[in-house]
Amino acid sequence: MPKLIIDGTEIEVQAGTTVFQACQQAGVEVPHFCFHERLAIAGNCRMCLVELEKAPKPIASCAYPTADGMVIKTNTPMVEKARKGVMEFLLINHPLDCPICDQGGECDLQDEAMAYGKDRSRYEENRRAVTDKYMGPLVKTTMTRCIHCTRCVRFITDVAGVEELGATGRGENMEITTYVEKALTSELSGNIIDLCPVGALTSKPYEFKARSWELKKTESIDVFDALGTNICINTRGPEVMRILPRLNEDINEEWMADKARFAYDGLKRQRLDRPYIRQNGKLKECSWDAALEFVATKIETAKPNEMAAIAGDLCDVESMFALKELMQSLDVQNIDCRQDAAFIPLETRAHYLFNTSIAGIEKADVCLVIGANLRWEAPLLNARLRKTYLQSKLKVGMIGEELDLTYPYSQIGTGPEAIDSLLNNTHPFAALLKNAKNPMIIIGSALMTRADAPALFQKIQQLIDTFGIIRDDWNGYNLLHKAASRVGGLDIGFVPNKSAMNTEQIIEAAQKGSLKLLYLLGADEIHLKPHQNCCVIYQGHHGDIGAQIADVILPGAAYSEKSGTYTNIEGRVQRSEMALFPPHLAKEDWKIIRAISGAIGKALPYNSIEELRYQLVEKYPHFGHIDQLGQDKWQKIDIASSSKISDKPFLNVIQNYYMTDVISRASLTMAKCTKDILNIQEQHENKRVANA
């Protein structure tokens with residue numbers, strides 16, 4: 001390990017560490033633009049110049065490896081003069097846009113110019129102007145501001161894995177471009193906005209909307225997939241202005257998916273902000289008292305076996321826990337948190353968690369994906385797999401539809417017969433699994449939602465035994481859920497017992513009229529036609545499918561409007577905070593359920609969120625361990641199944657990544673993405689099939 005002296009202080013660093021990283025470890029701040037710890041080193045901007053003893057000129061510290069005995073100086077007159085010279089060159093063509101630039105107040109160039117910029121320019125020639133580029137409905141470009149740090153190019157190429165950005169020309173004619181003018185097709189493209197150190201790339205939906213110092217910042221959790229991405233909701237008054245990622249090395253690092261970043265405009269459209277009751281076939285506005293009285297009357301006139309409840313994909317644990325407690329007080333057993341009627345083994349937590357953990361993917365050397373479109377179901381998980389491929393040449397095998405996952409993989413097959421080819425050792429990928437040190441399996445919704453899922457899970461257990469996927473020191477069995485509420489709902493047992501009805505049976509009973517009351521808690525992905533014998537209570541925040549079939553609507557709060565607990569796919573319990581109040585007469589979900597319990601004379605024993613959480617932790621202790629992995633020991637189980645395995649292929653359950661829930665379906669930005677980006681992807685896919 002080399003030892004070097006930085007500004008008079010001796011420090012020992014790992015071999016291969018750059019001078020810039022050594023300075024960071026020593027607590028010495030070095031200005032920079034192009035360097036980023038998660039991207040390949042480029043050495044473009046030259047702002048990180050430092051003085052190396054006995055070197056004839058300053059060195060670019062980000063690209064210079066450390067060596068034993070080095071003497072580095074970062075604050076000498078020579079270094080300061082060099083940095084001021086670099087800054088002067090960077091500002092030669094930079095427009096004076098700070099008053100109107102969306103990056104104002106958060107701009108690295110502004111910050112460094114304060115320290116190293118001059119108060120006047122010596123440059124008398126005309127400034128260079130660059131034509132703005134079209135990069136789709138999400139990223140706004142002002143390329144005259146670009147300083148050619150190439151952070152965006154390196155991110156799109158290396159992290160996102162979609163080689164759609166690059167540099168053309170040389171010297172003063174160099175431009176960052178998409179080559180052919182088109183929208184970026186990556187589900188992670190919005191991250192280049194955060195990476196840009198100047199105002200060249202900014203958020204198009206956020207354009208000229210607000211300044212950073214005007215915004216209230218609230219820590220929260222993303223609910224558009226089940227990964228539990230850590231986010232920061234920026235609000236001004238009663239409106240969400242933008243959403244940014246928070247650093248969490250174990251989950252999302254510092255990235256976030258485009259849907260989580262840009263679908264926030266759906267939070268203010270098609271909102272339910274007051275109660276409604278259906279009268280003479282039409283929904284009419286009413287008071288909360290009238291709505292609660294209507295619900296209480298319907299509950300009191302129905303028998304326990306004639307009632308059911310379904311929880312949606314965006315629900316927090318507190319609201320599901322309150323609804324379950326309400327249903328139990330009524331002796332109702334027909335409850336389910338699986339809108340898609342997925343079959344999931346529930347014997348232990350290990351059977352429905354992502355046991356490898358998201359960060360643990362980097363330890364795997366072989367990965368088998370069955371029935372999952374990782375790029376759409378979990379974009380950041382897919383990026384983590386790509387990162388592992390680049391670092392350690394992870395071998396990936398796919399059973400399901402052929403996709404562009406941004407890294408190479410072996411297409412084993414499209415249906416269940418491919419699993420047999422592995423068990424029979426007739427496919428070459430079986431040898432890779434057999435010889436793997438840390439093999440892992442990822443099972444997606446395309447398998448869980450099939451009618452023959454129980455029989456397929458028996459095959460999965462055979463795979464686990466045959467290839468040693470689970471050991472004392474390694475658990476490579478992973479279920480990939482796509483709903484943020486799913487693991488939390490399974491944890492609290494929001495599922496029917498063996499004698500009760502699941503989602504599919506509940507909908508069928510409601511359609512036939514044998515079910516008298518159906519309570520939908522944010523459940524909008526079900527297909528149910530109105531039936532006069534079944535009263536549908538819908539509690540949610542958007543006028544979507546659930547509200548259209550409802551007999552009474554109870555306006556709830558969206559994820560940004562309440563404090564909630566969410567459990568991600570790896571069993572990590574996380575909490576979000578209320579960023580703003582629900583609109584008009586809408587209320588937090590648990591409060592509505594508590595009010596209903598009081599109206600029917602079975603009041604739940606809590607009047608605050610703290611009291612509710614105390615009850616929750618008392619019954620399910622792991623909810624008290626915030627931000628900790630709550631994994632369970634794996635046990636082999638016998639899965640009873642009389643179903644015969646079908647030869648049908650595993651078909652992707654998501655047809656449109658940009659519109660999968662009530663919020664994104666109400667978003668104009670997501671509608672533009674659907675039009676501009678999915679059409680491009682469809683054209684690429686058609687060309688690929690034609691060439692094949």
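Keep in mind that this is a model prediction, so the values were computed, not measured.
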| Qualifying residues under ring pair (Phe, Tyr, Trp, His ring centres under 6.0 Å), relative to F155, sequence neighbours excluded |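 With sequence neighbours excluded, F155 shows a ring pair (Phe, Tyr, Trp, His ring centres under 6.0 Å) to W255, given in chain and number order.
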Are the side chain of [X] and the backbone of [Y] linked by a donor-acceptor contact shorter than 3.5 Å?
X: E377; Y: N373; value: yes
X: Q461; Y: I637; value: yes
X: T567; Y: V487; value: no
X: H622; Y: V573; value: no
X: R151; Y: P197; value: no
X: R154; Y: V159; value: no
X: Y477; Y: H351; value: yes
X: R338; Y: V495; value: no
X: K395; Y: L432; value: no
X: Y559; Y: S220; value: no

What's the spacing between [X] [atom1] and [Y] [atom2] if we round to 0.5 Å?
X: D258; Y: I193; atom1: CG; atom2: CD1; answer: 8.0 Å
X: I233; Y: E561; atom1: CD1; atom2: CD; answer: 9.0 Å
X: T157; Y: L39; atom1: OG1; atom2: CG; answer: 10.0 Å
X: E163; Y: S186; atom1: CD; atom2: OG; answer: 12.0 Å
X: I609; Y: T565; atom1: CD1; atom2: OG1; answer: 7.0 Å
X: E318; Y: W590; atom1: CD; atom2: CH2; answer: 9.5 Å

| What's the verdict on side chain to side chain contact (heavy atoms under 4.5 Å, CB included) for I399 and I419, showing C-alpha distance, side-chain angles and the deciding distance? | CA-CA 8 Å; I399 299 178; I419 301 177; 3.9 Å; yes
Residues in salt bridge (Lys or Arg N to Asp or Glu O under 4.0 Å) contact with [X], at least two apart in sequence or another chain:
X: E253; answer: R38, R384, K387
X: K636; answer: D465
X: D627; answer: R572
X: E106; answer: R242

Nearest heavy atoms of [X] and [Y], plus distance in Å:
X: V30; Y: C23; value: CG2-CB, 3.8 Å
X: Y352; Y: P345; value: CD2-O, 3.8 Å
X: R236; Y: A210; value: NH1-CB, 3.6 Å
X: S61; Y: C48; value: OG-O, 2.8 Å
X: L188; Y: P379; value: CD2-CB, 3.9 Å
X: S357; Y: N478; value: N-OD1, 4.5 Å

| query | Hey, which of T348, I469, I464 is the one that makes side-chain contact (heavy atoms from CB on, under 4.5 Å) with W634? | reply | I464
| request: Could you point out which residue of T388, I442, V369, V366 forms a side-chain contact (heavy atoms from CB on, under 4.5 Å) with V396? | output: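 For V396, the side-chain contact (heavy atoms from CB on, under 4.5 Å) check succeeds only for V369.
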Between [X] and [Y], is any pair of side-chain heavy atoms under 4.5 Å apart?
X: L381; Y: F354; result: yes
X: M448; Y: F457; result: yes
X: F467; Y: P439; result: no
X: I443; Y: L456; result: no
X: F321; Y: Y620; result: yes
X: T150; Y: C34; result: no
X: S576; Y: Y566; result: yes
X: M135; Y: S189; result: no

| request: Assess whether atom CD of E29 is packed by more than 12 heavy atoms of other residues, nucleotides or ligands within 6.0 Å. | output: no
| task | Decide if atom CD of Q462 counts as having more than 12 heavy atoms of other residues, nucleotides or ligands within a radius under 6.0 Å. | result | yes
| message | Strictly by side-chain hydrogen bond (donor to acceptor under 3.5 Å, both in side chains), give each pair with a member in residues 222-233 just once, sequence neighbours left out. | response |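 Every pair satisfying side-chain hydrogen bond (donor to acceptor under 3.5 Å, both in side chains) with a residue in residues 222-233: N230-N248, N230-Q574.
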| task | Begin from the C-alpha positions of W474 and T356 and carry the test side chain to side chain contact (heavy atoms under 4.5 Å, CB included) through to its verdict. | result | CA-CA 8 Å; W474 176 257; T356 302; 3.5 Å; yes
| message | For K259, is there an ion pair with E187 - N to carboxylate O distance below 4.0 angstrom? | response |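 A salt bridge is absent here (no side-chain N lies under 4.0 Å from a carboxylate O).
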| said: Any carboxylate oxygen within less than 4.0 angstrom of a Lys/Arg side-chain nitrogen, looking at D340 and R486? | reply: yes
| Can you list the steps and then say if R613 with R575 is a side chain to side chain contact (heavy atoms under 4.5 Å, CB included)? | CA-CA 11 Å; R613 285 174 176 166; R575 281 187 182 160; 3.7 Å; yes
Taking atom types as modelled and ignoring hydrogens, do the side chains of [X] and [Y] form a donor-acceptor contact shorter than 3.5 angstrom?
X: E164; Y: T185; result: yes
X: Q21; Y: T18; result: yes
X: Q339; Y: D313; result: yes
X: E254; Y: H36; result: yes

| request: Decide side chain to side chain contact (heavy atoms under 4.5 Å, CB included) for R261 and N191; before the verdict, give the C-alpha distance in whole Å, the side-chain angles of both, and the deciding distance to 0.1 Å. | output: CA-CA 9 Å; R261 183 187 294 269; N191 291 289; 3.1 Å; yes
